[in-house]
Amino acid sequence: MNKPIHLRIRQFILEGIRERRFLPGAKIPTEAELVLQFGVSRMTVNKAVRDLASEGVLIRFAGDGTYVAERKAESPLLDINNIAEEIACRGHRYRASVELLRAEPAQDEIALWLGLVTGETLFHSLIVHFENDKAIQIEDRYVNPAFAPDYLQQDFSIETPNAYLMKSCPLTDIEHTVEAILPNASEQALLNITATEPCLRVLRRTWSHKHLVSFSRLLHPGSSYKLRSQTRVKK
């Protein structure tokens, strides 16, 4: 059975986006052009375009035209995914820049978050994650050495801390707190953004079998990142 015409138009637009004939931020063919191409009514074309706009794939501007939406990188809020795998699944290039990796004494606030005594030794890493050479996350992580003793010997430009920790002490519980903030000067430099760029900051604690393993501050530029949550409702 042949697909309804509006679904064929939808498929044509989606394939054009996947094959990069219609790039993010660029116009797609006008409704008049699509009417001629598919030999259908303006109403049929409008339905296909309107449906894709309601899904966030396209953006319509009255009197100007329809554009491919700039899709934000996305991570689940109720789970922990490997950011390198997320980026690869989107068909994009991943790389990481390790800005800091050392042992240091726990300051008051960090000791509280990790359940340690102030001054006790912990491991600290600061890593910037890139998608297609655009910085999309600063990962500022503190780790309890008792549960990841080889943490400082890892090459986190090749394997993410998340991947390493999942192997060395499988994570069983997580806690997330999300804040909207403006970046400080060092964060602006690392993310290549301005002082007025809103950011999402996720404070994350992870446990392995009731042992508190790590505390992370994850900072994302708000214009290019979003967090998603999906929960099954019990009946």
Side-chain angles (χ1 to χ4, degrees), residues 73 75-77 79-87 94-131 133-193 195 197 199-222 225 227:
S75 285
L77 182 57
D79 203 352
I80 299 179
N81 282 356
N82 185 339
I83 190 169
E85 293 178 354
E86 286 182 15
I87 291 172
Y94 168 80
R95 70 176 177 89
S97 174
V98 180
E99 303 293 324
L100 182 151
L101 182 61
R102 69 188 183 195
E104 63 184 42
Q107 301 300 313
D108 289 343
E109 180 186 2
I110 304 303
L112 183 63
W113 278 103
L114 265 181
L116 299 175
V117 176
T118 298
E120 192 171 348
T121 299
L122 51 67
F123 296 153
H124 183 193
S125 60
L126 182 67
I127 301 169
V128 183
H129 301 282
F130 292 82
E131 181 168 359
D133 293 324
K134 180 178 182 179
I136 63 166
Q137 184 190 91
I138 298 173
E139 176 189 336
D140 188 16
R141 183 185 294 268
Y142 299 86
V143 175
N144 188 331
F147 305 109
D150 298 326
Y151 190 78
L152 298 184
Q153 281 69 58
Q154 307 310 304
D155 185 351
F156 291 128
S157 66
I158 296 175
E159 181 181 50
T160 66
N162 171 266
Y164 166 72
L165 290 173
M166 288 297 289
K167 289 188 301 183
S168 63
C169 50
L171 306 180
T172 56
D173 295 274
I174 61 173
E175 173 189 272
H176 279 148
T177 303
V178 182
E179 304 172 322
I181 68 166
L182 291 174
N184 61 34
S186 63
E187 292 164 344
Q188 294 165 43
L190 290 172
L191 291 174
N192 192 26
I193 58 177
E197 169 83 52
C199 292
L200 290 175
R201 182 167 67 182
V202 179
L203 305 180
R204 172 187 291 167
R205 291 199 293 176
T206 58
W207 285 260
S208 179
H209 303 290
K210 298 184 180 180
H211 298 295
L212 187 50
V213 173
S214 74
F215 165 63
S216 305
R217 292 182 289 218
L218 310 174
L219 190 71
H220 314 84
Y225 213 87
L227 295 166

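Treat the numbers as computed from the prediction; the structure is a model and nothing was measured.
Interatomic distance, H129 NE2 to H220 NE2, rounded to the nearest 0.5 Å: 8.5 Å. Expressed to the nearest 0.5 Å, how far CD of E139 lies from OG of S216 amounts to 5.5 Å. Considering OH of Y164 and CG of D150, their distance stands at 4.5 Å, rounded to 0.5 Å. Once rounded to the nearest 0.5 Å, the distance linking CG of L218 with CD of Q137 reads 4.5 Å.
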Carefully, step by step, assess L122 and I110 under the rule side-chain contact (heavy atoms from CB on, under 4.5 Å). CA-CA 10 Å; L122 51 67; I110 304 303; 3.6 Å; yes
Quick one, F130 with S97, criterion side-chain contact (heavy atoms from CB on, under 4.5 Å). Give me CA distance, side-chain angles, the key distance, then yes/no. CA-CA 8 Å; F130 292 82; S97 174; 3.8 Å; yes
Stepwise side-chain contact (heavy atoms from CB on, under 4.5 Å) test for Y94 and I83: CA-CA 9 Å; Y94 168 80; I83 190 169; 4.1 Å; yes
Run the side-chain contact (heavy atoms from CB on, under 4.5 Å) check on E187 and I138 step by step: do they pass? CA-CA 8 Å; E187 292 164 344; I138 298 173; 4.1 Å; yes
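Taking both residues in full, the closest heavy atoms of S168 and A148 are given as OG-CB, 4.5 Å, listed atom of the first, atom of the second, then distance. Between C199 and L191 the shortest heavy-atom distance is SG-CD1, 4.5 Å. Residues F215 and R205 come closest through the heavy atom pair CD1-CG, 3.8 Å. Here the shortest heavy-atom pairing between L212 and T206 reads CD1-O, 3.5 Å. The two residues P161 and I127 come nearest to each other via the heavy atoms CG-CD1, 3.4 Å. Among all heavy-atom pairs drawn from N144 and L116, the shortest one is ND2-CD2, 3.5 Å.
At least one side-chain heavy atom of L203 sits under 4.5 Å from a side-chain heavy atom of E179. In this structure the side chain of T118 never reaches within 4.5 angstrom of the side chain of Q107, judged on heavy atoms. Under the 4.5 Å side-chain criterion, counting only non-hydrogen atoms from C-beta, I87 is not in contact with E85. A heavy-atom distance below 4.5 Å is not found between the side chains of E104 and T121. L219 is not listed as a side-chain neighbour of L190, based on a closest heavy-atom distance of 4.5 Å or more.
No donor-acceptor distance shorter than 3.5 angstrom exists from the side chain of E197 to the backbone of I193, with no hydrogens or angles considered. At least one donor-acceptor pair closer than 3.5 Å links the side chain of E120 to the backbone N or O of V117.
Within 6.0 Å of CG in N192 there are 12 or fewer heavy atoms belonging to other residues, nucleotides or ligands.
R141 and S125 are not linked by any side-chain donor-acceptor pair at a separation below 3.5 angstrom, with hydrogens and angles left out of the test. Using modelled atom types, one finds no donor on one side chain facing an acceptor on the other under 3.5 Å when comparing N162 with T160. With 3.5 Å as the limit, one finds no donor-acceptor pair spanning the side chains of H124 and R102. Looking at E175 and T177, their side chains never bring a donor and an acceptor atom within 3.5 Å of each other.
Taking the six-membered ring wherever Trp is involved, the centroid distance between the rings of Y151 and F156 falls below 6.0 Å.
A salt bridge links K167 with E159; the closest basic N to acidic carboxylate O contact falls under 4.0 Å.
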